[in-house]
Number of protein chains: 2
Amino acid sequence: MAELDSPAEAGLVAEWRELLARHAAASCALDRELGDRYGLGMSEFEVLERLVEGCRAGGRLGLRVSELAPTVHLSQSALSRLIARLEKGGLVTRAMCESDRRGVTVALTEAGRERYEQARPLHREVLGLTLGAPPGSACSGSSSG
Amino acid sequence: MAELDSPAEAGLVAEWRELLARHAAASCALDRELGDRYGLGMSEFEVLERLVEGCRAGGRLGLRVSELAPTVHLSQSALSRLIARLEKGGLVTRAMCESDRRGVTVALTEAGRERYEQARPLHREVLGLTLGAPPGSACSGSSSG
DNA sequence: TTGCATTGAATGCATGTGCATGTACTGTCC
DNA sequence: GGACAGTACATGCACATGCATTCAATGCAA
């Protein structure tokens, strides 16, 4: 009955718990703040951001779903539905990819770009508060508004 | 139209993305491995672990739900249902708290303690692999079995 | 004691997620 | 050309989660 962790394991567990705490604090705050003020979830903001970056970097109008998938930590189905939500909200458009008609090209709309630009300062602010702050104030508790 | 982040913001974003990647890799691997082999989710394992630690530290038989809540990053309702699942699986018992009959005391059963002890090495192993490994292999991709 | 605000936990409901599968398309081999 | 495996994305389904609410019990005040 091995009841105790080795020092290495204990350090690993400590690291993991801090990671969990930071993730919970930040993601929960982001979801709440971005959701309240801009109607965006954390992952939705991430997708908008990857679209902005991808288009800026490549000078392209849109990205393939399969290009977005590795950058956001979602299953393929969750990403598909997330994009559907964004499209329903008028923030992105989906179009059949010309070169491979199985694929879908996702492009920001003007409204999507604006929403992203509006939300970005708050996103950065929340990150600054939650990543800088000591862990402990997780999701269940109320954080600063 | 502030299109670019300051260096401080860029660092914050980079830190956040790495945290997201590590969290996704580890939590997804834990869910899969613990789920496949022991029928436990990541949070369920965490709750069992807090029960083991809490009982060992305080020499007590069980913990209050309200004591567990701050340690796992779940809402009160999610924790309530998680405990219900554990109880249904025979891993914990719920009993009315004597001193405050609003409260519920959650105690490990023998089966719960055994399941935890069985699962712990795998938990530590997965942490070692995912926290040590370079980020990039997130949930959607398949990790080592 | 009664009355009332507060707390601890459970539940109704809406939603986001992953797995498995379905559908459409591509590329290859014959 | 036709058959078939593989890829890209969407969808059915089950389930875990959070918010709001509900129910029970406590503490306090009159």
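Chain naming here is simple, since letters A, B, ... match the order of the sequence lines and numbering starts at 1 in each.
- Residues meeting the salt bridge (charged side-chain N to carboxylate O under 4.0 Å, His left out) test with B:R17, sequence neighbours left out: A:E49, A:E53.
- In this structure B:F45 satisfies the ring pair (Phe, Tyr, Trp, His ring centres under 6.0 Å) test together with B:Y116, B:H123, sequence neighbours excluded.
- Atom pair A:L40:CG and C:dT15:C1' shows a separation of 16 Å (rounding to whole Å applied).
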Q.
Across nucleotides 3-13 of chain C, 5' to 3', mark each nucleotide with B, S or - according to how protein heavy atoms within less than 4.0 Å reach it.
A. ----BSBBBBB
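- Judged as a side-chain contact (heavy atoms from CB on, under 4.5 Å), and not counting sequence neighbours, the contacts of A:V104 are A:V65, A:R94, A:V106.
- A:L34 places its CG atom 17 Å from the P atom of D:dG18, with the value rounded to the nearest Å.
- Legend: residues meeting side-chain contact (heavy atoms from CB on, under 4.5 Å) with B:S66, ordered by chain and number and at least two apart, are B:R64.
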Q: Might you work through the side-chain contact (heavy atoms from CB on, under 4.5 Å) test for A:L122 and A:E125, ending with a clear yes or no?
A: CA-CA 5 Å; A:L122 178 59; A:E125 181 191 335; 4.1 Å; yes
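- Taking atom CG of B:L86 as the reference point, atom P of D:dC15 lies 16 Å away to the nearest angstrom.
- Between B:L82 atom CG and D:dG18 atom C1' there is a gap of 14 Å when expressed in whole angstrom units.
- The distance from atom CG of B:L74 to atom C1' of C:dT17 is 15 Å, rounded to the nearest whole Å.
- Atom C1' of nucleotide D:dA16 and atom CZ of B:R85 are separated by 6 Å, given to the nearest angstrom.
- Here D:dC23 presents its C1' atom at 15 Å from CE of B:M96, a figure rounded to the nearest Å.
- For B:A111, the side-chain contact (heavy atoms from CB on, under 4.5 Å) criterion is met by B:L91, B:T109, not counting sequence neighbours.
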